Amino acid sequence: MDLNGKKAIVLGGTSGIGLATTLQLAAAGATVIAGSRSRANMDKAAALAGAGVSFTTIDVLDREGLAALFAQHDGFHVLVNAATGGARASGPFLRMDLDGFQGSFRKLWGYVGSVRLGAGHMAETGAIALVSGFPARKANPGAAALSTVGNAVEGFVRAVAPELAPRRINVVSPGVIDTPMFKAEGEARQELLRGATRNMLVKRAGTADEVASAIVFTLRNDYMTGATVDVDGGALLP
Ligand SMILES: NC(=O)c1ccc[n+]([C@@H]2O[C@H](COP(=O)([O-])OP(=O)(O)OC[C@H]3O[C@@H](n4cnc5c(N)ncnc54)[C@H](OP(=O)(O)O)[C@@H]3O)[C@@H](O)[C@H]2O)c1
């Protein structure tokens, strides 16, 4: 797909991987509508975005809001959902709060809702990209909820790809990426990212741009659907 002149909706498009995707799509000539919940994220993103990017307040768990957004942009070509959905639970499974585990599925429901409500408004030549994460296929202790949700996202993409065709849908699975998802600052942040990537083949955190470029690749490549693309510094390998 030539992205020039196409309309793209990027949910979670105001921070981290979603924001990098918003900026790369705009640089490719797409008109981008980037959405998330908070005004603060939107203001920060707006300071980086140029013409061609507009912002909208949307919670991916608000089905009525999603339906209205997609109807307003009927005929759009690109849907990216990189929203985390809200808080996720981590920690030892046998001591894990079950409501926290269940709540981690907000990410999945945000993805499912946006695809269910968005696909019917997309051009048949359009494409969708979602984001899972390396714990889906290599869960370290403490990552049971993250892993289960990631697996669900990847399974969802494979399950719905045949029903969405000729529209395409793919998922990108990041490793440890240096984004605002990690709240620590300064030396504590560097130590956290160093520790999390110490056993990976590429011994550093990835950048949001490195993941966004894979998202854009899946959108452009008309021969890809139902695929999972790993951008994870070799996280899955021993
Ligand atoms: N960073 C990593 O190491 C990593 C690794 C593997 C997978 N991932 C996945 O990559 C995706 C992007 O993560 P990131 O690192 O870029 O995170 P991030 O920097 O925290 O950005 C998350 C974005 O999602 C939005 N968002 C969260 N909940 C939302 C909701 N209910 N409705 C609408 N927007 C919502 C946030 O904006 P508001 O708060 O304003 O709503 C923000 O724009 C996520 O699916 C994450 O699980 C990240």
Side-chain angles (χ1 to χ4, degrees), residues 1-85 107 110-111 113-115 117-131 167-172 174 177-182 205-222 224 229 231:
M1 176 174 10
D2 179 1
L3 293 166
N4 192 31
K6 300 293 193 303
K7 190 185 268 192
I9 297 177
V10 184
L11 302 170
T14 62
S15 174
I17 293 166
L19 173 59
T21 305
T22 292
L23 299 178
Q24 289 189 22
L25 288 170
T31 301
V32 186
I33 299 100
S36 80
R37 298 164 300 179
S38 79
R39 168 56 52 192
N41 273 342
M42 253 179 266
D43 288 347
K44 271 189 254 165
L48 300 171
V53 182
S54 60
F55 292 92
T56 188
T57 306
I58 183 81
D59 185 330
V60 292
L61 299 171
D62 170 11
R63 294 183 198 161
E64 281 181 18
L66 283 178
L69 175 69
F70 295 134
Q72 186 188 345
H73 298 288
D74 190 63
F76 69 99
H77 280 81
V78 167
L79 172 62
V80 177
N81 194 338
T84 50
K107 168 167 157 168
Y111 285 7
S114 65
V115 174
L117 299 168
H121 288 285
M122 292 180 71
E124 291 212 327
T125 50
I128 301 169
L130 305 180
V131 186
R167 300 171 203 86
R168 298 179 297 103
I169 181 167
N170 295 287
V171 55
V172 172
I177 311 301
D178 188 355
T179 73
M181 193 182 86
F182 296 107
T207 66
D209 262 328
E210 287 169 326
V211 181
S213 67
I215 291 174
V216 172
F217 170 77
T218 69
L219 297 170
R220 279 194 164 121
N221 191 317
D222 290 323
M224 287 185 77
V229 178
V231 185

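The shown structure was predicted, so the numbers you read here are calculated from the model rather than taken from an experiment.
The two residues L11 and S114 make their nearest non-hydrogen contact at CD1-CB, 3.6 Å. Across all non-hydrogen atoms, the minimal contact from I169 to V115 is CD1-CG2, 4.1 Å. For the pair L23 and A49, the tightest heavy-atom approach, listed with the atom from each and the gap, is CD2-CA, 3.8 Å. Scanning all heavy atoms of the two residues, the minimum distance from N4 to G29 falls at OD1-CA, 3.4 Å. Across all non-hydrogen atoms, the minimal contact from I177 to P174 is CG1-CB, 3.6 Å. Here the shortest heavy-atom pairing between L25 and A8 reads CD1-CB, 3.9 Å.
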> side chain to side chain contact (heavy atoms under 4.5 Å, CB included) between V229 and M224: does it pass, once the steps are laid out?
Replying inline: CA-CA 10 Å; V229 178; M224 287 185 77; 3.7 Å; yes

>> Run T84 and K107 through side chain to side chain contact (heavy atoms under 4.5 Å, CB included) and show every step you take.
In response: CA-CA 5 Å; T84 50; K107 168 167 157 168; 5.6 Å; no

>> Set out, in order, the CA-CA distance, both residues' side-chain angles and the distance that settles side chain to side chain contact (heavy atoms under 4.5 Å, CB included) for F70 and L79, then state yes or no.
In response: CA-CA 10 Å; F70 295 134; L79 172 62; 3.9 Å; yes

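Residue pairs meeting the side-chain hydrogen bond (donor to acceptor under 3.5 Å, both in side chains) criterion with at least one partner in residues 5-28, sequence neighbours excluded, are K7-H73, T14-S36, Q24-D209. For the salt bridge (Lys or Arg N to Asp or Glu O under 4.0 Å) condition, no pair includes a residue of residues 9-19, sequence neighbours left out. The salt bridge (Lys or Arg N to Asp or Glu O under 4.0 Å) contacts involving residues 210-222 comprise R168-D222, R204-E210, where partners must be two or more places apart or lie in separate chains. Each side-chain hydrogen bond (donor to acceptor under 3.5 Å, both in side chains) pair with one or both residues in residues 49-67, not counting sequence neighbours, would appear here, but there are none. Residue pairs meeting the salt bridge (Lys or Arg N to Asp or Glu O under 4.0 Å) criterion with at least one partner in residues 39-55, sequence neighbours excluded, are R39-D43.
In this structure, R167 has no salt bridge (charged side-chain N to carboxylate O under 4.0 Å, His left out) partners at least two apart in sequence or on a different chain.
Using modelled atom types, no side-chain atom of Y111 and backbone atom of V60 make a donor-acceptor pair closer than 3.5 Å.
The CD1 atom of I9 sits 4.5 Å away from atom CG of L69, with the distance rounded to the nearest 0.5 Å. Between I215 atom CD1 and I128 atom CD1 the span is 13.5 Å, to the nearest 0.5 Å. To the nearest 0.5 Å, the span separating CZ on F217 from CG on N170 amounts to 9.5 Å.
Under the side chain to side chain contact (heavy atoms under 4.5 Å, CB included) rule, L19 has a single partner from L48, V53, N41, which is L48.
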